[in-house]
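Read the structure below first, then the notes.
Within every chain, numbering begins at 1; the chains are lettered A, B, ... in the order of the sequence lines, protein sequences first and strands thereafter.
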Amino acid sequence: MNQQQIQPILKALDAIQPFTQTPDAALYVHQILHQIREFETTVPDDPLLEVLSGFYVALAYENLWADYDAGQFAAVQRILKKFADRPALKPMDIEKAIMEMEAAGFNTTPIPIFTEASDE
Amino acid sequence: MNNKAHQEAQKSIKHFLDTSVLRPVLLGTHAYRQYFERQFNDERQYVSNYVLMEFRRSYLCNIIKFYFMLDMPSIKTVGDAFKGWSHKFKSSELKAVEQFVGDITDTFTLGRTIPKDKATALREIGRYVKRLDMKSRYAFKNIGRNETDCQRAKIPFTSRKEVHMTEMFQQFLEKFNDTDNCRSRCVIASFFLERYKEQVEVFLEYADALPNPSKAENKGFVKIASQLRNAQHEEDFSCRLCEAIGDAVIALEAPRDMRLEHTDHSFDHLCPLLNQSHYKHPSEPAILKRSQD
C-alpha cells in the first residue's frame, strides 16, 4: 500500500480533527473502519494492515474513538503517511509504526485479560 | 515529608515489575491500568527476561493454544471453538482467553456461528498477540539479566522474516514446550543450590518459624519454601518446578537498587529476607471497587 491507496483514510483523519470528542467524529471513524475492512479483502497480504488492524482496535474497542483528540488523529495521520510510502515494510517497520501509534496515545491492545490472582 | 518532597522521592525510584504487575499494566482493566499509570508516572519501569518469559507463558501461550484450536479443520466457527475450549479447560487463565476472544469478535463484529468469520477472528487474534508481545518488549527497560540462563526466555517470538503467523506461533510454541531441551541448558539448579544457597537456607528457616503457615498471606511463600526444600539435586529441577518457585527467582534476581512492584503475598516474605525494596499494590478487584464507590 502507498499513500495514494490509503488516501481515503488520510482524508478522514484530516477531516475528523475539528470534530474530535464530539458525535460528529462518528462519520469519519465510520469511513476509517470500513476502509480498513475493505483493505482486508482487496489487499489482504499487505503488511501495513498489521498497523491498520491495531488502529482499528484502538478506535473500535468500547468506542474509544470518541476519546481521542485532534492532536492524536494528526499524529496517526503522520505515522501512516510515513510508513505507507516505504517500498517494502519489514517486521521492524511494523513494530516501529505500532509503537509510534502507542506513543501518540492509541492503545492497540485495550482488551483486558483478567484472571483470578494466584497468590493474593 | 511534604507533598513536593514525596513526589521528588517517588521520581527517583526505579520500578522493577513482577509479572503480577506487568500483566495489569499491559492487560488490566482501564481503571487498574490508570492506577499503575499514576503510580509509575515516569519512564523508569524495568523488567527482566524471566518476567517477560512468565508473561508469555501465563498469557500469550494460552491465547496461541486457542488460536491453534480455532485453526483446526474440525472447528467450523468461533462458537465451536468456545464450546470445545470451555468444555475441556476450566482454569481461570483459560477462561480468560475465552473472554478475550469474545471481545475480539465483538470489536470486529464477527459472527460466532458464521464459518466465514473464523478466518478473520484467527487473523485478528494472531495480530493482537504479536502486538502484546511487542509492547512487553518495548514498553519497559530490560535489566538484561537472566541469571538462571532460562532458555524459554531466549526463544524469539517474532521473526525478522516475513513468516506467516501460524508458522511463527508454531515454531515458538514447539520450542517453548520442549522443556527437556530447555531444562538441559539452563542453570536453575546451581542458581538455587550454589549461587543463592545461603539465601535459600534463610527462606527455609523463616518458613519453619512462621506461626500461621496456612494463613492466606503465608501460603504462597510456604509453598515456595516447601518446593525448595524438596529440590536438593540437579534432577529435581524442571520447568514445572521453576514455574512454582518463580517468585523466588524474581526476588533473587531483582536489582537491589530498584523497588520490586508486585501484588503477590509471597514477596512480602521474600523481599525483606533479601533486603529488597518492594511494594505490594492493591488487587484489581480492590481498585475496581474503589473506582465504583
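Looking at A:Pro47, there are no atoms closer than 4.5 Å to chain B (heavy atoms on both sides), in backbone or side chain. In this structure, the portions of A:Glu95 lying under 4.5 Å from any heavy atom of chain B include both its backbone and its side chain. Proximity to chain A (any heavy atom under 4.5 Å) is shown, for B:Ile104, by both the backbone and the side chain. The contact between B:Lys130 and chain A is made entirely by side chain atoms (from C-beta outward), counting heavy-atom distances below 4.5 Å.
A:Ile113 places none of its side-chain heavy atoms less than 4.5 Å from the side chain of B:Arg23. Taking 4.5 Å as the limit, every side-chain heavy atom of A:Ile98 sits out of range of all side-chain heavy atoms of B:Lys135. Residues B:His30 and A:Leu64 are not in side-chain contact: their nearest non-hydrogen atoms beyond the backbone lie 4.5 Å or more apart. Annotation: side chain of B:Arg131 is in contact with side chain of A:Val57 (closest heavy-atom distance under 4.5 Å). The shortest distance between side-chain heavy atoms of B:Arg127 and A:Leu49 falls below 4.5 Å.
Rounded to the nearest 0.5 angstrom, B:Tyr128 OH and A:Thr109 OG1 are separated by 4.5 Å. Atoms CG and CD1, from B:Asp106 and A:Ile111 in turn, are 9.0 Å apart once rounded to the nearest 0.5 Å. The structure places OG of A:Ser53 at 7.0 Å from CZ of B:Arg123, a figure rounded to the nearest 0.5 Å.
Taking chain A as the reference chain and counting heavy-atom pairs below 4.5 Å, the highest number among B:Lys223, B:Met134, B:Arg137 is found for B:Met134.
For B:Glu124 and A:Arg37, the salt-bridge test fails: no basic side-chain N is under 4.0 Å from an acidic carboxylate O.
Between A:Ala60 and B:Thr107 the shortest heavy-atom distance is CB-CG2, 3.8 Å. Heavy-atom minimum distance, A:Tyr61 versus B:Asp103: OH-OD2, 3.9 Å.
The 12-atom threshold is not exceeded at NZ of B:Lys289, counting heavy atoms of other residues, nucleotides or ligands nearer than 6.0 Å.
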